[in-house]
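Notes to accompany the following structure.
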Amino acid sequence: KDLKEKFGITPEKCILKSLEYGINIVPGDFQTRSILQNCFYFQRKKFTEPINKPYKQAGSLREHDYIIKIYDKRFQFPEQSDQELFRMEIKYGRMRPLNKMGIVYLSDLLIKDNHLKLYKILQKCLSEILFYDYTINPIKLSGTKQKNIIDYANNNYWENILIGIKKETKNRKNFD
């Protein structure tokens with residue numbers, strides 16, 4: 001509405017070419033940096049840290065319609081928050097998936113049902129992040145589980161499973 005008033009943009013005629021949206025999460029007593037260090041993969045796509053960028057991302061807009069970005073929002077904007085703030089964003093470079101859901105025009109973002117659709121995508125993406133729970137105390141675990149927890153904390157462990165899947169020596173279930 002503001003764009004229409006200030007710039008004369010008609011939302012019903014403005015076609016969305018890309019979209020980026022996200023959610024801020026206050027992680028309670030946990031440090032966002034520690035959470036980020038333990039986010040390894042999204043849908044078997046490794047999180048990477050682009051050079052000179054203060055975030056991690058999974059996926060590539062060259063290969064996919066969207067990428068996932070996660071970062072410390074408080075670090076980026078310390079003047080706006082006095083508490084830890086984890087940010088997750090979905091950045092669509094191509095609108096095909098959203099167009100199929102009926103999000104084509106700027107005006108479609110004014111429809112509350114579309115907000116719910118976008119939220120459900122965020123929720124699903126968040127559940128598909130492979131995150132190691134660094135708060136687990138291995139001393140309280142059995143010997144086998146102690147060995148497993150050492151493996152699970154190791155990025156190379158997951159990478160080797162993915163290599164095995166490509167070579168067909170391991171099953172996708174090994175990663176899942």
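All values reported here derive from a predicted model rather than from experimental measurement.
Under the 3.5 Å distance criterion, the side-chain polar atoms of Q146 are matched with a main-chain donor or acceptor of L141. Between the side chain of R172 and the main chain of I165, no donor-acceptor pair closer than 3.5 Å is present. Put simply, the side chain of K46 never gets that close to the backbone of A58: no donor and acceptor are under 3.5 Å apart. The closest donor-acceptor contact from the side chain of W158 to the backbone of Y152 lies under 3.5 Å. Panel note: side chain D108, backbone V104; a donor-acceptor pair is recorded below 3.5 Å.
Annotation: the span from D133 atom CG to I136 atom CD1 amounts to 4.5 Å, rounded to 0.5 Å.
Nearest heavy atoms, D65 versus R96: OD1-NH2, 2.5 Å. In terms of heavy atoms, D72 sits closest to E84 at OD2-OE1, 4.4 Å. The nearest pair of heavy atoms linking M88 to C125 is CE-CB, 3.4 Å. Nearest heavy atoms, G102 versus N114: O-ND2, 4.2 Å. Nearest approach of L19 to M95, heavy atoms of both residues: N-SD, 3.9 Å. Taking both residues in full, the closest heavy atoms of F175 and L130 are given as CZ-CD2, 3.8 Å, listed atom of the first, atom of the second, then distance.
Residues that satisfy the ring-ring contact (aromatic ring centres under 6.0 Å, His included) test with Y92, not counting sequence neighbours, are Y66.
Counting heavy atoms of neighbouring residues, nucleotides and ligands inside a 6.0 Å radius, atom CD of Q37 exceeds 12 of them. The environment of Y21 atom OH is dense: over 12 non-hydrogen atoms of other residues, nucleotides or ligands sit within 6.0 angstrom.
Residues F75 and R87 have side chains not in contact (no heavy-atom distance under 4.5 Å, counting atoms from C-beta outward). At least one side-chain heavy atom of R44 sits less than 4.5 Å from a side-chain heavy atom of D176. A heavy-atom distance below 4.5 Å is found between the side chains of L98 and L118.
Evaluation of the ring pair (Phe, Tyr, Trp, His ring centres under 6.0 Å) test over residues 117-137, restricted to residues two or more places apart or in two chains, returns none.
Under the 3.5 Å distance criterion, with hydrogens and angles disregarded, no donor-acceptor pair is assigned to the side chains of Q57 and Y71.
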